[in-house]
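Below is one structure, written out as structure tokens; the observations come after it.
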Amino acid sequence: MRTTFVVPDDLDAPRRGDDVVAPGDTIPPHNPMCYGCGPRSPHGLHLSMIAGEGVTATGELLVEPRFEGGPGVIHGGILASVFDESMGLGLMLMGLTAVTVVLDIDYARPVPIGTRLRLDARVLGTRRRQVYAEATATVLGADRAAGEPVAGAHGLFVIVDPHAHFGPTRDLGQKE
Ligand SMILES: CCCCCCCCCC(=O)SCCNC(=O)CCNC(=O)[C@H](O)C(C)(C)COP(=O)(O)OP(=O)(O)OC[C@H]1O[C@@H](n2cnc3c(N)ncnc32)[C@H](O)[C@@H]1OP(=O)(O)O
């Protein structure tokens, strides 16, 4: 992976929250109407992530025809959304709410429609309100070098008070 994103080398180790799902369990969607993870989002990705050990999460995504960008390949913005959401769900294992302020994507290889991707997300550490995370996408069932990511991401998230942050816009949300 090649990236210009700089991860500080003095981060505090991420701490798993006390009251979060166990390793192996599905991380619940944070909003049923979320474009990334919401099961009721009409045109969403419907991404689901499984909690791993520590502050890690894994998931899978079938690259559907509706995700097309260039002829026959995934749209880069869709892949960015997938990474944003997979890291965001992963950091919910810290038992806090944080929003993305920086998203860095390394598009290493084209990803054809019909590909099934494995997603691995991991919180790298924290610095005051900042939370650094990374994620990779690898092709499941691929002939090519096993385990070599086709894309990767880094995210910088900032911890917020959900009531204060979403209070002013909550009524604009789609009704189920
Ligand atoms: C509901 C749960 C969601 C869980 C998963 C969701 C997955 C998807 C996530 C998303 O896509 S969220 C949607 C896209 N993101 C946003 O809409 C965020 C928009 N930005 C903001 O609302 C404000 O910038 C924010 C509330 C995050 C920060 O504003 P503040 O006025 O509270 O920040 P402040 O200036 O006091 O800075 C707080 C910390 O954040 C850091 N920070 C803020 N913006 C930054 C930035 N751009 N780059 C680096 N650091 C930044 C800042 O340096 C500082 O670090 P320290 O903790 O060390 O003091």
Side-chain angles (χ1 to χ4, degrees), residues 5 14 16-52 54-69 74-107 111 113 115-124 126 129-138 140 150-176:
F5 187 92
R16 199 181 170 93
D18 295 328
D19 201 16
V20 296
V21 296
D25 287 351
T26 300
I27 301 169
H30 58 84
N31 169 8
M33 303 309 290
C34 172
Y35 177 79
C37 67
R40 298 186 193 278
S41 172
H43 306 293
L45 301 172
H46 304 143
L47 185 66
S48 177
M49 296 291 284
I50 307 289
V55 192
T56 66
T58 60
E60 288 186 20
L61 179 84
L62 174 63
V63 180
E64 300 177 35
R66 67 190 176 102
F67 299 158
E68 182 166 353
I74 195 170
H75 191 288
I78 296 286
L79 195 47
S81 296
V82 169
F83 278 134
D84 188 19
E85 194 66 36
S86 58
M87 290 187 285
L89 287 172
L91 66 77
M92 286 175 65
L93 295 173
M94 299 178 74
L96 46 77
T97 299
V99 293
T100 321
V101 292
V102 179
L103 185 60
D104 176 88
I105 312 294
D106 179 352
Y107 298 99
V111 179
I113 301 300
T115 302
R116 189 171 285 279
L117 293 174
R118 177 191 161 102
L119 305 165
D120 288 279
R122 181 166 79 99
V123 172
L124 299 170
T126 64
R129 286 175 62 197
Q130 297 176 326
V131 184
Y132 285 80
E134 68 177 11
T136 57
T138 47
L140 284 168
V150 291
H154 287 90
L156 171 54
F157 297 78
V158 171
I159 298 167
V160 295
D161 172 346
H163 301 292
H165 187 82
F166 295 110
T169 55
R170 191 168 293 281
D171 287 347
L172 299 174
Q174 300 173 82
K175 305 297 176 272
E176 292 186 52

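Starting from 1, each residue takes its place in the sequence as its number. Computed from a predicted model, the values in this text were never measured in an experiment.
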Interatomic spacing from OG1 in Thr58 to CD1 in Ile50 - rounded to 0.5 Å: 6.0 Å

Arg16 side chain to Val55 backbone, donor-acceptor under 3.5 Å: no

Non-hydrogen side-chain atoms of Cys34 and Pro29 separated by less than 4.5 Å: no

Check against side chain to side chain contact (heavy atoms under 4.5 Å, CB included), Met87 and Val123: CA-CA 7 Å; Met87 290 187 285; Val123 172; over 6 Å; no

Residue pairs passing the side-chain hydrogen bond (donor to acceptor under 3.5 Å, both in side chains) test where at least one lies in residues 33-42, sequence neighbours excluded: Arg40-Glu176

Interatomic distance, Leu103 atom CG to His154 atom NE2 [nearest 0.5 angstrom]: 11.0 Å

Minimum heavy-atom distance between Phe83 and Ala135, given as atom pair plus value: CD2-CB, 3.6 Å

Nearest-0.5 Å distance, CG of residue Leu119 to CG of residue Leu47: 6.0 Å

Residues forming a side chain to side chain contact (heavy atoms under 4.5 Å, CB included) with Pro42, sequence neighbours excluded: Met33, Gln174

Partners meeting side chain to side chain contact (heavy atoms under 4.5 Å, CB included) with Arg122 (sequence neighbours left out): Thr56, Leu124, Glu134

Taking every non-hydrogen atom, the tightest pair across Val21 and Ala51: CG2-CB, 3.9 Å

Ala80 to Tyr107 - nearest heavy-atom pair and separation: CB-OH, 3.8 Å

Partners meeting side-chain hydrogen bond (donor to acceptor under 3.5 Å, both in side chains) with Asn31 (sequence neighbours left out): none

Residue pair Gly44 / Arg66: nearest heavy atoms and the distance that separates them: O-NH2, 2.7 Å

Partners meeting side chain to side chain contact (heavy atoms under 4.5 Å, CB included) with Thr138 (sequence neighbours left out): Arg118, Pro149

Pairwise distance OG(Ser86) to CG(Leu117) - rounded to 0.5 angstrom: 10.5 Å

Side-chain touch Phe166/Val99, heavy atoms, less than 4.5 angstrom: yes

Contact list for residues 83-98, test salt bridge (charged side-chain N to carboxylate O under 4.0 Å, His left out), sequence neighbours left out: none

Inter- and intrachain pairs under side-chain hydrogen bond (donor to acceptor under 3.5 Å, both in side chains), touching residues 159-172, at least two apart: none

Residues forming a side-chain hydrogen bond (donor to acceptor under 3.5 Å, both in side chains) with Glu68, sequence neighbours excluded: none

Donor-acceptor list for residues 91-98 side chains, cut-off 3.5 Å, not counting sequence neighbours:
none

For the student: nearest non-hydrogen atoms of Leu89 and Pro28, plus distance: CD2-O, 4.0 Å

Shortest non-hydrogen separation from Ala151 to Leu79 and the atoms involved: CB-CD2, 3.8 Å

Side chain to side chain contact (heavy atoms under 4.5 Å, CB included) assessment of Ile159 paired with Val131: CA-CA 7 Å; Ile159 298 167; Val131 184; 3.8 Å; yes

Residues in salt bridge (Lys or Arg N to Asp or Glu O under 4.0 Å) contact with Arg116, at least two apart in sequence or another chain: Glu60

Verdict with supporting geometry, Val102 and Phe5, side chain to side chain contact (heavy atoms under 4.5 Å, CB included): CA-CA 9 Å; Val102 179; Phe5 187 92; 3.9 Å; yes

Matching residue for Ile78 among Val63, Leu45, Val111, Leu61 - test: side chain to side chain contact (heavy atoms under 4.5 Å, CB included): Leu45

